[in-house]
Structure formats: structure tokens, C-alpha cells
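Down below is the structure, laid out as C-alpha cells.
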Amino acid sequence: MSITVDRAGAILTIDLGAVVSNYQVLRGKIGAADCAGVVKADAYGLGAVEVASALHGAGCRKFFVAHIGEGVQLRESLPADSDIFVLNGMPAGTEDDFFDSGLVPVLNSLREIAAWRDHALKRGHRLPAAVQVDSGMSRLGLPPRDVDTIASDPEMLGRFDLKLVLSHLACADEYEHAANGQQRNAFDRLRSMLPPAPASLANSSGIFLGSAYHYDLARPGAALYGINPTPHRANPMRPVVRLSARIIQLRDVSGSTGIGYGHTALATKPTRLATISLGYADGWRRNAATAAFLNGVRLPFIGRVSMDSIILDVTDCRDGSVGEGDWVDLICEEQTVDQVAAASGTIGYEVLTGLGCRFHRRYVGAA
Ligand SMILES: *Cc1c(COP(=O)(O)O)cnc(C)c1O
């Protein structure tokens, strides 16, 4: 059940107009190539159904999820004109589920290829498939030795409508990393041994490596959601997420008063505190000592982050400018997803996918 705003401690606002605008920026960068939307992990925590439907409205017809369960769920809400690719492959025994939901498995091993081919024989017609090759990340996909095996026995793929040959870059966010060119060369060599099919290599950052990386289809995720795909340069994407929490109590303490768990903070002079209704159970990491913002004014955290609350020092706010029931921003223009991530030694991807499920979710900017 969705959480109404009056019951929520925090609000997650997701700007679908910004997602669409980011999609259009990326599509503009890749020229004639097609642009998919990666909506795995519930669209990086922002809502796969809402995001995919907004992207569909913008012309996107290819979607990637990680797990079959995500694909089955997405299929129920997407028009039938879209392909849904399942990146993590096909667990044994799920062939009927893939078939019934019309999902395209990304086949990562000879075992998966054999199982899906047997299923095509059983069904008596060709089945859609994508094949992933490992061009150097050593995570998923056929190693070169297995691509040799297929090259010597083309019948292994003969029962498929081969929709895509893909691979994934390990170092795309480091634009000068030698692995990028090496992976591109390996990808070209490996796919030349397979039957002709559309090719795909670039994730968000890969798009910014230049046209040699675009092939037939790009697969951005993070950049759609406002994460900077070019960490060494200014962010070309529009912010998508705003996270706001409610001030649930104000108090004035005198000097030498301990504040929060462990009394890690101590008031040394009369101090005004505001407790907000968001904590580490909402995915706000305990080691991210940062601040909240009220109408652009920075309100520093004081003491430890609790499970369901954080204490702010609001001493410097003008009398009456902060009240119980007010909303402060934790992810906003002044404090981006990437900055929040950097403050706790992680990446924007982990911040977004870690956001909890207790928020009131508000979608704005939909077509
Ligand atoms: C997650 C993922 C993507 C999207 O990556 P971003 O860096 O979020 O753009 C693309 N391809 C594969 C195989 C992935 O696992």
C-alpha cells in the first residue's frame, strides 16, 4: 500500500520529466544508435513501472532488468511492443516463465544456451534471445573459449531470433583507462565469430566514451536517474530525485548537554535542535555526516544518525524560521546524490538503490 503524505516521515519526489529529458540527452549523444532504459532494481529504487512507462512515452522500446521476477512484473505494465531483456540470465527451470511473459533472456553460458535451444525445439519455433560475451570484465557472459565453441557449431544459436550480442565495460567511468579500448577490440573480435546481430556495449558512462562505443544500442541506467556519468567533469544530466524529511520536534538545550547516541556530540552553549523523521533504516548511511537544507539554508547534523531520526543544529536559524512540521531536504540542488554518496565513501548507485520503502513517493513531471 502506498504511504500517504500525512503518515510519512519523509517524501521521495521523483521527477519523471527529468528522466525523460535525460533520456533525450543521451539519445542525442548516440546519433543513429538506439537507446534502451535500464530499469533493474526497481529503476535504481525509483519505481520501475513509473519510470518505464515514462520512457515508453518518450519512445523507448527496449528495457533491461536484472532478474526474471523484475521482468515478469514489468511485463504486466508495459505495452507488448517493448522488449524486456533479463541481464542475469535464465535460472534452470524458468524457461516457461520466460516464454509466457515474452521476456528475452540474456544468455550468459553454454548451459543457458542449450536449455533455451531445447525449449525452442519443444515449442517448435524460434525464440528471442540475447547473448552476452565477456570482453574483459570477468563478471558475466561467455568467455572467449565458449565463443569458440559456438563458432564451430553455429547450430547452437540456430533456433534463436538473435536480438542482441552484448558485453559490459568495467572501467567506462574512467575515460582514459586502457581497459576501455581493449574491451572494445575484444568485443569486435568475439561478435565477429557469432551470427550477425545488433550489438551493444555502452552503459551510461560508455556513451560518453565516444561513437566507437555506441554500436546499435546503448544501455544507460544511472545517467537517466541523474547520477553523473562523467565523474571527472560537470554533470550533464538533470537531477531526478528530491528527498525531504519532516521536522518532528524542536528543543533548546543548554551548554554541556549530550546529544544523540553515545553522546558523540556535546552542546557547549545554548543550542536549538531539530529532530527529523529519517534515519539509517531509510537508507541514509550512518557514516554520512552531512546536513539538511531548509529553503537553501544549511542545517548541519549533530550527533549520530539514528535508525529513524537525525538531529539537526538549527541554532543559527532566525527565530520562527524553523518549525515543527516543516520539511527539510536531504537530496536536493544543494546536496546532490553524488555528493551524498561521496560523503560516505560510496557511489550514487548505492545511495539510490539503498533508499528505503517508508517514504511517501511523489511522481512529478509525467507526460
Ligand atoms: C547495470 C547495467 C547497465 C547500466 O549501467 P549504468 O552504469 O547504470 O548506466 C548496463 N548494462 C549492464 C550489463 C548492467 O549490468
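Throughout, residue positions are numbered sequentially from 1 according to the sequence presented.
Separation of atoms CE (Met193) and CD1 (Ile150) is listed at 9.0 Å; rounding is to 0.5 Å. Rounding to the nearest 0.5 Å gives a distance of 7.5 Å between CG of Leu46 and CG of Leu355. Residue His168 holds its NE2 atom at 12.5 Å from OG of Ser138, rounded to the nearest 0.5 Å. The CD1 atom of Ile247 sits 12.0 Å away from the CD1 atom of Ile310 when rounded to the nearest 0.5 Å. Note that CG of Leu330 is 12.0 Å distant from CD1 of Ile11, once rounded to the nearest 0.5 Å. To the nearest 0.5 Å, atom CG of residue Leu312 and atom CG of residue Leu250 are 9.5 Å apart.
In this structure, Ser244 contributes its side chain and Trp327 its backbone to no donor-acceptor pair below 3.5 Å. Looking only at distances, a side-chain donor or acceptor of Gln339 sits under 3.5 Å from a matching main-chain atom of Thr336. Checked by atom type and distance alone, the side chain of His177 pairs as donor or acceptor with a backbone atom of Ala179 at under 3.5 Å. Of the possible polar contacts, none joining the Gln132 side chain to the Leu142 backbone as a donor-acceptor pair under 3.5 Å is found. Side-chain atoms of Asp282 do not come within 3.5 Å of backbone N or O of Trp284 as any donor-acceptor pair. Remark: side-chain polar atoms of Thr346 are not paired, donor with acceptor, to backbone N or O of Ala341 under 3.5 angstrom. With hydrogens and angles ignored, the 3.5 Å screen pairs a side-chain donor or acceptor of Ser167 with a backbone N or O of Ser135. Distance alone, capped at 3.5 Å, places no donor-acceptor pair between the Thr271 side chain and the Val253 backbone. Using a distance-only test at 3.5 Å, with no hydrogens or angles considered, no donor-acceptor pair links the side chain of Asp100 to the main chain of Asp97. Although no hydrogens or angles enter the test, the distance criterion places no donor-acceptor pair under 3.5 Å between the side chain of Thr268 and the main chain of Gly255.
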*asked:* I'd like to know whether Tyr213 forms a ring-ring contact (aromatic ring centres under 6.0 Å, His included) with Phe208, so could you lay out the CA-CA distance, the side-chain angles of the two residues, the decisive distance to 0.1 Å, and finally the verdict.
replied: CA-CA 9 Å; Tyr213 291 81; Phe208 292 83; over 10 Å; no
*side chain to side chain contact (heavy atoms under 4.5 Å, CB included) between Leu299 and Cys317, intermediate numbers included*: CA-CA 9 Å; Leu299 307 173; Cys317 290; 3.3 Å; yes
_For Lys62 and Asp216: C-alpha separation, side-chain torsions, deciding distance, then whether salt bridge (charged side-chain N to carboxylate O under 4.0 Å, His left out) applies._
CA-CA 12 Å; Lys62 296 196 165 51; Asp216 300 300; over 6 Å; no
*Going through the distances and angles, do Glu350 and Arg285 end up as a salt bridge (charged side-chain N to carboxylate O under 4.0 Å, His left out)?*
CA-CA 10 Å; Glu350 198 181 4; Arg285 296 164 70 102; 3.1 Å; yes
*Apply the test salt bridge (charged side-chain N to carboxylate O under 4.0 Å, His left out) to residues Arg246 and Asp326: give CA-CA distance (whole Å), side-chain angles for both, the deciding distance (0.1 Å), then the verdict.*
CA-CA 6 Å; Arg246 193 198 294 274; Asp326 285 353; over 6 Å; no
_Criterion salt bridge (charged side-chain N to carboxylate O under 4.0 Å, His left out) on Arg61 and Asp83, from CA distance to verdict_ = CA-CA 6 Å; Arg61 294 292 180 272; Asp83 287 328; over 6 Å; no
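A salt bridge links Glu333 with Arg242: the closest approach of a Lys/Arg side-chain nitrogen to an acidic carboxylate oxygen falls below 4.0 angstrom.
A side-chain contact (heavy atoms from CB on, under 4.5 Å) with Leu278 is found for exactly one of Val328, Ile248, Leu243, namely Leu243.
Of all non-hydrogen atoms in Ala66 and Val86, the two that sit nearest each other are O-CG1, 3.5 Å. Pairing each heavy atom of Ser82 with each of Arg75, the nearest pair is O-NH2, 3.0 Å. Between Phe160 and Ala129 the shortest heavy-atom distance is CG-CB, 3.8 Å. Across Val20 and Ala54, no two heavy atoms sit closer than the pair CG2-O, 3.6 Å.
Using a 4.5 Å heavy-atom threshold, the side chains of Asn235 and Thr230 count as separate. Counting heavy atoms from C-beta on, the side chains of Phe98 and Trp116 come closer than 4.5 Å. Looking at heavy atoms from C-beta onward, Asp319 lies in side-chain contact with Arg272 at the 4.5 angstrom threshold. Between Phe359 and Ile3 there is no side-chain heavy-atom pair separated by less than 4.5 Å. Taking the side chain as every heavy atom from C-beta outward, Val38 and Leu224 never approach each other to under 4.5 Å. For the pair Val106/Asn108, a side-chain contact is recorded, criterion being any heavy-atom separation below 4.5 Å from C-beta on. Under the 4.5 Å side-chain criterion, counting only non-hydrogen atoms from C-beta, Ile207 is in contact with His214. Between Glu50 and Val19 the shortest side-chain heavy-atom distance does not fall below 4.5 Å.
Annotation for Arg233: atom CZ counts as buried by contact number, over 12 foreign heavy atoms lying within 6.0 Å. Other residues, nucleotides and ligands contribute at most 12 non-hydrogen atoms within 6.0 Å of the CZ atom of Arg159. Summarising the local packing, CD of Gln73 is surrounded by 12 or fewer heavy atoms from other residues, nucleotides or ligands at distances under 6.0 Å.
Partners of Glu176 by salt bridge (charged side-chain N to carboxylate O under 4.0 Å, His left out), not counting sequence neighbours: none found. Remark: Phe85 engages Phe64 in a ring-ring contact (aromatic ring centres under 6.0 Å, His included) (not counting sequence neighbours). With sequence neighbours excluded, the residues satisfying ring-ring contact (aromatic ring centres under 6.0 Å, His included) with Tyr175 are His232. Listed by chain and number, the residues in a ring-ring contact (aromatic ring centres under 6.0 Å, His included) with His56 amount to none (sequence neighbours excluded).
Gln249 and Arg251 are linked by a side-chain donor-acceptor pair at a separation below 3.5 angstrom, with hydrogens and angles left out of the test. Side-chain N/O atoms of Thr315 and Asp313 include a donor and acceptor closer than 3.5 Å. Side-chain contact of Tyr280 with Asn287: a donor-acceptor pair under 3.5 Å is absent, judged by distance alone.
Taken together through direct or relayed side-chain contacts under 4.5 Å among Ile, Leu, Val, Met, Phe, Trp and Tyr, Phe63 and Val72 form part of one hydrophobic cluster. Under a hydrophobic-cluster definition in which Ile, Leu, Val, Met, Phe, Trp and Tyr are linked whenever side-chain heavy atoms come within less than 4.5 Å, directly or via other members, Val340 and Ile14 are assigned to the same cluster. In the hydrophobic clustering of this structure, Leu121 does not group with Leu162; members are Ile, Leu, Val, Met, Phe, Trp, Tyr whose side-chain heavy atoms approach within less than 4.5 Å, directly or through other members. In terms of hydrophobic clustering, with Ile, Leu, Val, Met, Phe, Trp and Tyr side chains grouped at heavy-atom distances under 4.5 Å, Leu127 and Leu103 are assigned to a common cluster. Under the 4.5 Å side-chain heavy-atom criterion for ILVMFWY residues, a single connected hydrophobic cluster contains both Tyr349 and Ile331.
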In a table with atom names and distances, give each donor-acceptor pair under 3.5 Å that connects a side chain of residues 258-266 to protein atoms at least two apart or in another chain.
none

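The aromatic ring centroids of Phe187 and Tyr215 lie less than 6.0 Å from each other.
Listed by first then second residue, pairs satisfying ring-ring contact (aromatic ring centres under 6.0 Å, His included) with a partner in residues 123-157 read Phe99-His125, not counting sequence neighbours.
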